[in-house]
Amino acid sequence: MTPLNAVLDNLDQFFKAFGYTLFLFLVCAVASMALGALLVAMRVGPIGVLRKVAAVYVSLVRNTPLVLIFIFFHFAAPIIGINFKWVQIYVGSFDFTSAFATAFIALSLYTSCFVCEALRSGVNAVSIGQAEAARAIGLPFSGVMTQVVLPQALRASVPPLASALIAMLKNTSVAGIFFLAEATATMRGLSNDFSSQRLGIFLCFAIGYIVLVEIVSMISLSFERRWRIA
Amino acid sequence: MTVTDDAAVSSGATRSNDPLVELVDVQKWYGDLHVLQDINLTVQRGEVVVVIGPSGSGKSTLCRTINRLETIDKGLIQVDGAPLPQEGKALAAHRADVGMVFQSFNLFAHKTILENVTLGPIKVRKKSKAEAEALAKELLDRVGVGHQAAKYPAQLSGGQQQRVAIARALAMEPKVMLFDEPTSALDPEMIKEVLDVMVDLAERGMTMIVVTHEMGFARTAANRVVFMADGRMVETADPETFFTNPESDRAKDFLGKILKH
């Protein structure tokens, strides 16, 4: 028995666990980027009410611990009729049900605040002259944002954006506490079943996370390089 | 853009009473600072008006109020008979008709030269991509940077960037062009190439309001010189009269300082 047998004998479980982690990361990345872009447009936009709404949303959600947000959607929201029991999607051996949907909602809402702030730092890095020139050729606010300001803000905010997404990737582990059999939950299960091999099990899962994070870092770096000219 | 033939007509003859841009009793404050005071200025169609004056005299602010990049506190600004809209789509439509060239070029840094010029025609004028690109290439050739179309702004010299900025504004087929110190950020050897484009534009009959320190341009191309100081229009005259025989002490003092070297 090597110290890695627990993982090697359960490789299917190992990969399935990281499959959940990766898939949760991907859908949350898309959703939080979209919502974050909307929030930043509201925050820098000309309509005072929307600026306030976005600012309050960001400070409220960003200042709440992620676990509390999970607890809210699992135990408090159902009381007021919000639940995700209707989500029942089965793809191969993966089950996307209420645990996954709740994690998706909680993580996306939480991460969108950090995406918003990362993008806002990028918007601040775009000179006012760029927006003025865009307005001067007759683009409406939406055009100024989508054609000129946000594309440049995105380029300037790749590093902080990557940090927010990497933090989110690791935050998927919180879903493991809340009934989703992703990597951290599976690691806990294995170390309960094979208590003599806890060190090996821990190392394998830690390496799994490190590899995923490295991939995100590398993608971020390649975007930074590609956009260097402009 | 075959305006060469009508240019001669519009530049010389019809200047008498066809107002395109009108500013009536315009006032603006920055806090306690009265940056625009009692501005009354009418620019006729086809006229080239040069605004000069010392730093902080309000000339850039004046220029920027005409497409409402700066708001005004009192008074009226009309372009082609219509008062400036306050906000939203109507204001955007107004800005599309008023070309603007900035001191710092402000080319869209993430877009190629060609894309800089086609963005407005495609997104605002709703032209097809092919049509917009044909127009853009023609304009870029006209300002002498056609061969740079695929590059990014940062790869061009300042003079080239400013000529692209002029082409970008012209692509909207504006009624009037505003120039806010277009050569002030340029190295001396690049100023001429930009001024040449502007003189050409003036000769084609474009209505232009130009804030500049280039006295040579004012003498060659302007129909009228407006001298501003401390937020007021101190003196208005044709260039020859203004430069050889200024009336106000403020203008004499200013010209004395800049023309001595």
Side-chain angles (χ1 to χ4, degrees), chain A residues 33 37 40-42 44-52 118-162 220-230, chain B residues 63-64 66-70 85-113 115-126 150-155 161 164-165 167-174 177-180 185:
Chain A
M33 296 266 278
V40 79
M42 287 164 70
V44 303
I47 302 169
V49 179
L50 292 184
R51 273 203 303 268
K52 267 270 163 4
L119 284 175
R120 201 160 65 89
S121 75
V123 169
N124 289 341
V126 178
S127 77
I128 287 177
Q130 293 285 314
E132 283 189 343
R135 285 193 279 157
I137 59 168
L139 287 172
F141 175 74
S142 59
V144 174
M145 290 305 283
T146 58
Q147 297 298 319
V148 176
V149 176
L150 283 180
Q152 291 188 58
L154 186 64
R155 285 159 167 72
S157 49
V158 167
L161 213 49
S220 143
L221 260 181
S222 79
F223 274 113
E224 263 185 75
R225 285 207 194 96
R226 187 191 310 174
W227 286 338
R228 195 158 282 166
I229 293 187
Chain B
C63 186
R64 290 162 56 87
I66 296 168
N67 67 353
R68 215 177 153 80
L69 285 180
E70 300 278 354
Q86 300 283 310
E87 285 295 337
K89 292 260 183 281
L91 178 58
H94 163 81
R95 283 174 173 151
D97 286 339
V98 178
M100 175 120 194
V101 175
F102 300 86
Q103 181 176 349
S104 48
F105 329 135
N106 294 346
L107 292 182
F108 306 129
H110 63 304
K111 292 194 180 287
T112 64
I113 297 308
E115 289 166 346
N116 262 274
V117 183
T118 57
L119 180 65
I122 291 172
K123 294 289 172 189
V124 179
R125 296 288 190 221
K126 309 293 178 201
K151 291 189 179 169
Y152 284 90
Q155 295 169 294
Q161 288 190 53
V164 174
R168 176 176 68 181
L170 289 177
M172 300 303 293
E173 290 159 348
M177 288 277 287
L178 308 174
F179 292 83
D180 185 5

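All figures in this text were calculated on a predicted structure; none of them were measured in a lab. In what follows, every chain begins at residue 1, and chains take the letters A, B, ... in the order their sequences are listed.
- Heavy atoms closer than 4.5 Å to chain A are found in the backbone of Leu107(B), but not in its side chain.
- Top candidate by heavy-atom pairs under 4.5 Å with chain B, chosen from Ala136(A), Ser127(A), Gly143(A), is Ala136(A).
- For the pair Thr112(B) (side chain) and Glu115(B) (backbone), a donor-acceptor distance under 3.5 Å is present.
- A distance of 11.5 Å separates CD1 of Ile113(B) from CZ of Phe108(B), quoted to the nearest 0.5 Å.
- In this structure, chain A has no heavy atom under 4.5 Å from any part of Arg125(B).
- Taken to the nearest 0.5 Å, the NE2 atom of His94(B) stands 11.5 Å off from the CD atom of Gln86(B).
- Taking all atoms of both residues into account, the shortest heavy-atom contact from Pro85(B) to Ala90(B) is CG-O, 3.4 Å.
- Rounding to the nearest 0.5 Å gives a distance of 14.5 Å between CG of Asn116(B) and NZ of Lys151(B).
- Contact detail for Val158(A) and Glu224(A): the closest heavy-atom pair is CG1-CG, 3.8 Å.
- For residues 128-135 of chain A, a heavy-atom distance under 4.5 Å to chain B picks out Gly129(A), Gln130(A), Glu132(A), Ala133(A), Ala134(A), Arg135(A), given by residue number.
- Looking only at side-chain heavy atoms (C-beta outward), Val148(A) and Val126(A) stay at 4.5 Å or farther from each other.
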